[in-house]
Amino acid sequence: MNKKLIFSLLFGVSLALSTNFVQAQNSESYESLMKKGNDKFAAKDYISAKTYYEMALKQKSNDPTARKKLDETLKKIQEDGARQEVFYAHLDAGDQFYNQQKYEEALTEYEQALKVFPEDKYVGGQAEEVRAILKERQDKQDAYNTAMSQGETLLAEENYDAAILQFETAIGIFPNDKLPKEKLAEARQKKQLYTEKVTLFDKTMEEARQQGLRKNYDAALAKLDQALELFPNDLQANTLKNEYTAAKDQANRYNGIIAEADRLYENKAYKEAKAQYQSALLVVAGDAYATDMIARLDPLIAQQDAEEAARIAAEQEAARLAAEAEAARLAAEAEAARIAAEQEAARIAAEQEAARLAAEEAARIAAEEEAARQAALAAAEAERQATLKTMLDAANALFEQKDYANAKVKYQEVVTFDEGNATATAKIREIDSILAQMAAEIEAHYNNDMNAGNQAMNAEKFAEAITHYQSALVYRPEDATATAQLAVAEKAENDRLAALRTQYNAFIKEGDANFKSNTFDKAIEAYTKAEELNLETYPTEMIARISEIIEQNKLYELNSEYISLGAGEARRFEFNKIEVAVRRSNYIIIKVRNPLPDKTFPMIVSFGGAGGKNGGFVLPIAATEEEKTFVFRIGAQYKWFSEDNTWIEIISENHPIDIGKLEVSRSN
């Protein structure tokens, strides 16, 4: 939304009267404006009077008479606003208590509202209705209170059926009261939960017994724990838990001994296994499994003893045979040693013949190596020349690419490789000249950026300064001065942004609070201020959202196409009266165009009903060609709320005006 097109008005206070409102000389005289302001003040139309006095001050800046009258008018507006706020606060509290059926509190609030505006029809009617309700309720109250009290007591005692009867009695006395219905629902729910709890307990106990019969004690105890979570003090569940716990302990001891005995049996440690089975009989006397295993082990133990005796005899025979085998091995080793000596003598003779032949071969190889050395020297010189050419080619390529620093390094490598190389020496001198010129240019760029950055800092253009200092550091990457100045500029810019953020957040907080309370004119004002800081799109989105809400909630579209009003011409727009419940949230939206954009003048907006005019306000029309949209919270005016208004009338004083959209809307 274009923020220039919206002026948000609070209690008729026009935001358009800012310093940029009057851009051309007002066509009305100071005396005329003061007279109109005084007439409006006398008629207690303080909002319109304020507009005329402000326009008079534009004619005579700091005029003491106009300033004094404006101050008196602002004070009256504040007093009226304060009275209306007190009235609406008591009215809202009364309606809230009424909706909650807290009639005594509602009557107190309505009576306080009537002290502010004694003749208000809506509040007077609400107060009378509440008094009638309280009178009707008095006779039934004792019986109701007794039923509710007994119901609460019985509910706490978990006597749900009796509690339900009491709450049903209370509902019969006051069928429209919410509390007994809520308590009845609570009692029924608790009864249902209790019934479900008992059913679940019985089911869990039966499952525990079944697991106990199967000697699944862990599962049985888990079920008993679930049952005790439902009814911790149940005697039957606690007794059964003690019984199963003892049985589980005995079974665990027995199973542990049997498991060890079975393991020994599987490992054929029959004597040890028999001892464990005998221990199991001490835990479970006469156990059939342990008794059977002991009987099975006796013949196995006898067989194991016989096998052990046979094993010992076999080991003795094996030892005798091993001694005979060792004697045979020693004789075989002596024969092998004799044969090895004969073979060693033959090997030494062969090695002596090989040494003679090797000496002859060495002389031949020496001659070949000398010839190879001479050839290598010639090849090395050729390779050096090739390397020199490669190095020069690489240096020349870098020079052509204007990579002067690396080219110089390469030429210096050539000079080192080929001392005094004329080509490389000349190129080094040329590069030094080029680099000196480039250094001068870098220095000039650096100085220009630093000067520009300093000028931007002096002008408090911190973001611009940051850009220049960063550019200077491109030319001198580690320059201390540029680095320090950049840090100062970044801190100044961060501080500036932080201050803007604080201001922005305050505007957003104010706008959000007013949006939440449906005070859209104040919300638009705050969001517009936040929008001007250009930090986020959120305020623009919220202004658009408010406009959409107002458009969606319009009650009457009184005009849609532009119509022209002549100077002093009145145009009345009629509509059906609005329900009292929504009047306080009403807004009037008016779009206007100034056909004489070099003039500023007031436009009067009045409202009333069958009995005549009830109120109104003045809108200042600015000297501009732009279409202007005024959003006025008309619901803040008491006479709009208290009276049955059915028309809005627009009059442009002294100058023609074009009227576009004219709507009556509401915030929700």
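Basis for what follows: all heavy atoms, side chains included, without hydrogens, waters or symmetry-related copies. Index from 1, following the sequence.
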When rounded to the nearest 0.5 Å, the distance separating CG of L486 from CE of M450 is 9.5 Å
| task | Quick one: do K491 and D495 satisfy salt bridge (charged side-chain N to carboxylate O under 4.0 Å, His left out)? Show the steps, please. | result | CA-CA 6 Å; K491 182 179 185 305; D495 291 344; 2.9 Å; yes
Check your understanding: Any donor and acceptor pair, going by atom type alone, linking the side chain of D658 with main-chain N or O of N594 inside 3.5 Å?
Key -> no
Can you give each donor-acceptor pair under 3.5 Å made by side-chain atoms of residues 507-516, sequence neighbours left out, with the distance rounded to 0.1 Å?
{"unit_1": "D512", "atom_1": "OD1", "unit_2": "Y527", "atom_2": "OH", "d": "2.5"}
{"unit_1": "D512", "atom_1": "OD1", "unit_2": "Y538", "atom_2": "OH", "d": "2.7"}
{"unit_1": "N514", "atom_1": "ND2", "unit_2": "E510", "atom_2": "O", "d": "3.0"}

ask   = Any side-chain heavy atom of V664 sitting closer than 4.5 Å to one from L558?
value = yes
Query raised in the report: Does R633 make a cation-pi contact with F520 (under 6.0 Å, within 45 degrees of the axis)?
Result: no
| task | For residues P595 and P656, determine if any side-chain heavy atom of one lies less than 4.5 Å from a side-chain heavy atom of the other. | result | yes
*asked:* Check this for me, if you would: do E54 and K50 make a salt bridge, where the nitrogen-to-carboxylate-oxygen distance has to be below 4.0 angstrom?
replied: yes
Side-chain donor/acceptor of R583 to backbone N/O of E643, under 3.5 Å: yes
Interatomic distance, CD1@I659 vs OG@S564, rounded to 0.5 Å, equals 9.0 Å
Is it true that E72 and R67 make a salt bridge, defined as a side-chain N closer than 4.0 Å to a carboxylate O?
no
ask   = Are a donor atom and an acceptor atom from the side chains of D45 and S48 found within less than 3.5 Å of each other?
value = yes
Output for pair (Q412 CD, I431 CD1), nearest 0.5 Å, gives 8.5 Å
| query | Taking the six-membered ring of Y52 as reference, does the NZ or CZ atom of K40 fall below 6.0 Å from its centre and within a 45° cone about the axis? | reply | no
Discussion item. Evaluate E79 against R83 for salt bridge (charged side-chain N to carboxylate O under 4.0 Å, His left out), listing each step before the verdict.
Written reply: CA-CA 6 Å; E79 290 173 355; R83 290 180 67 224; over 6 Å; no
### Query
Got I657 and I621 here, is their nearest side-chain heavy-atom distance under 4.5 Å?
yes
ask   = Taking the six-membered ring for Trp, are the ring centroids of F632 and Y587 within less than 6.0 Å of each other?
value = no
Interatomic distance, OG@S32 vs CG@N654, rounded to 0.5 Å, equals 6.5 Å
Exercise. Do side-chain atoms of Q84 reach the backbone of Y638 as a donor and acceptor pair under 3.5 angstrom?
Worked result: yes
So ring pair (Phe, Tyr, Trp, His ring centres under 6.0 Å) across residues 435-463, not counting sequence neighbours, yields H445-Y475
Original post:
Quick one: does K408's side chain get under 4.5 Å of D432's, heavy atoms only?
Top reply: yes
N448 meets the side-chain contact (heavy atoms from CB on, under 4.5 Å) criterion, sequence neighbours left out, with none
Does a side-chain N-to-carboxylate-O contact under 4.0 Å join K44 and D80? no
### Query
Sub-3.5 Å donor-acceptor pair from the side chain of Y53 to the main-chain atoms of N38, do we have one?
yes
Hits for side-chain contact (heavy atoms from CB on, under 4.5 Å) against D403, two or more places apart or cross-chain, chain-then-number order -> L398, N406
Practice prompt. Using the six-membered ring of F607, assess whether NZ or CZ of K639 lies under 6.0 Å from its centre and within 45 degrees of the ring axis.
Written response: no
Item checked: Sidechain-backbone polar pair: S471 side chain, T467 backbone, donor-acceptor under 3.5 Å -> no
When every non-hydrogen atom of D479 is compared with those of T483, the smallest separation belongs to O-OG1, 2.7 Å
* Asked: Quick one: does D418's side chain have a donor or acceptor within less than 3.5 Å of a partner on N421's backbone?
  -> no
Discussion item. Strictly distance-based, threshold 3.5 Å: is any side-chain N or O of Y411 a donor or acceptor partner for the main-chain N or O of L392?
Written reply: no
Item to check | Side-chain heavy atoms of Y504 within contact of E536, under 4.5 Å | outcome: yes
E460 atom CD, neighbour heavy-atom count above 12 within 6.0 Å: no
| Judged by atom type as modelled, is there a donor-acceptor pair below 3.5 Å linking the side chain of T519 to the main-chain atoms of K522? | no
**Request:** Answer yes or no: is there a side-chain heavy-atom contact under 4.5 Å between F87 and V123?
**Result:** yes
Output a table of donor-acceptor pairs, distance under 3.5 Å, between side-chain atoms of residues 565-578 and any protein atom two or more places apart or on a different chain; print 'none' if there are none.
{"unit_1": "E569", "atom_1": "OE1", "unit_2": "G566", "atom_2": "N", "d": "2.7"}
{"unit_1": "R572", "atom_1": "NE", "unit_2": "E649", "atom_2": "OE2", "d": "3.4"}
{"unit_1": "R572", "atom_1": "NH2", "unit_2": "E649", "atom_2": "OE2", "d": "3.3"}

CD1 (I524) and CD1 (I546) are apart, to the nearest 0.5 Å, by 5.0 Å
query = Within a strict 4.5 Å, meaning less than it, do heavy atoms of the L555 and N553 side chains meet?
reply = no
One should read off an interatomic distance between H655 NE2 and K599 NZ, to the nearest 0.5 angstrom, of 6.0 Å
Closest heavy-atom pair, G609 versus N614, reported as atoms and distance to 0.1 Å, is N-ND2, 3.7 Å
For W647 and N645, run side-chain contact (heavy atoms from CB on, under 4.5 Å): C-alpha distance rounded to whole Å, both residues' side-chain angles, the deciding distance at 0.1 Å, then the answer. CA-CA 6 Å; W647 56 261; N645 295 290; over 6 Å; no
With sequence neighbours left out, the residues meeting side-chain contact (heavy atoms from CB on, under 4.5 Å) with T65 are Y30, M34, D63
Just do the side-chain contact (heavy atoms from CB on, under 4.5 Å) check on S652 and F601 with the steps written out, would you?
CA-CA 8 Å; S652 175; F601 51 90; 3.3 Å; yes
Exercise. Is the number of heavy atoms from other residues, nucleotides or ligands under 6.0 Å of K410 NZ greater than 12?
Worked result: no
Are the charged groups of K529 and E525 less than 4.0 angstrom apart, N to O? yes
Working note: K389 + D393, criterion salt bridge (charged side-chain N to carboxylate O under 4.0 Å, His left out); need CA distance, chi angles, decisive distance, verdict.
CA-CA 6 Å; K389 182 179 183 303; D393 289 345; 2.9 Å; yes
Ion pair R496/E493, N-O distance below 4.0 Å
yes
Does any non-hydrogen side-chain atom of Q485 lie less than 4.5 Å from one of E490?
-> no
(request) Begin with the C-alpha distance, continue with both residues' side-chain angles, and end with the deciding distance and a verdict on salt bridge (charged side-chain N to carboxylate O under 4.0 Å, His left out) for E548 and R545. (result) CA-CA 5 Å; E548 183 180 352; R545 183 175 175 187; over 6 Å; no
Only one of I589, I588, V631, N586 passes side-chain contact (heavy atoms from CB on, under 4.5 Å) with S665, and that residue is I589
### Donor-acceptor pair, side chain of S585 and main chain of V582, under 3.5 angstrom
yes
Stepwise side-chain contact (heavy atoms from CB on, under 4.5 Å) test for E464 and Q455: CA-CA 10 Å; E464 181 180 336; Q455 290 174 4; over 6 Å; no
What do the steps show when you test Y562 against R593 for side-chain contact (heavy atoms from CB on, under 4.5 Å), and what is the final call?
CA-CA 9 Å; Y562 268 100; R593 286 192 311 227; 3.5 Å; yes
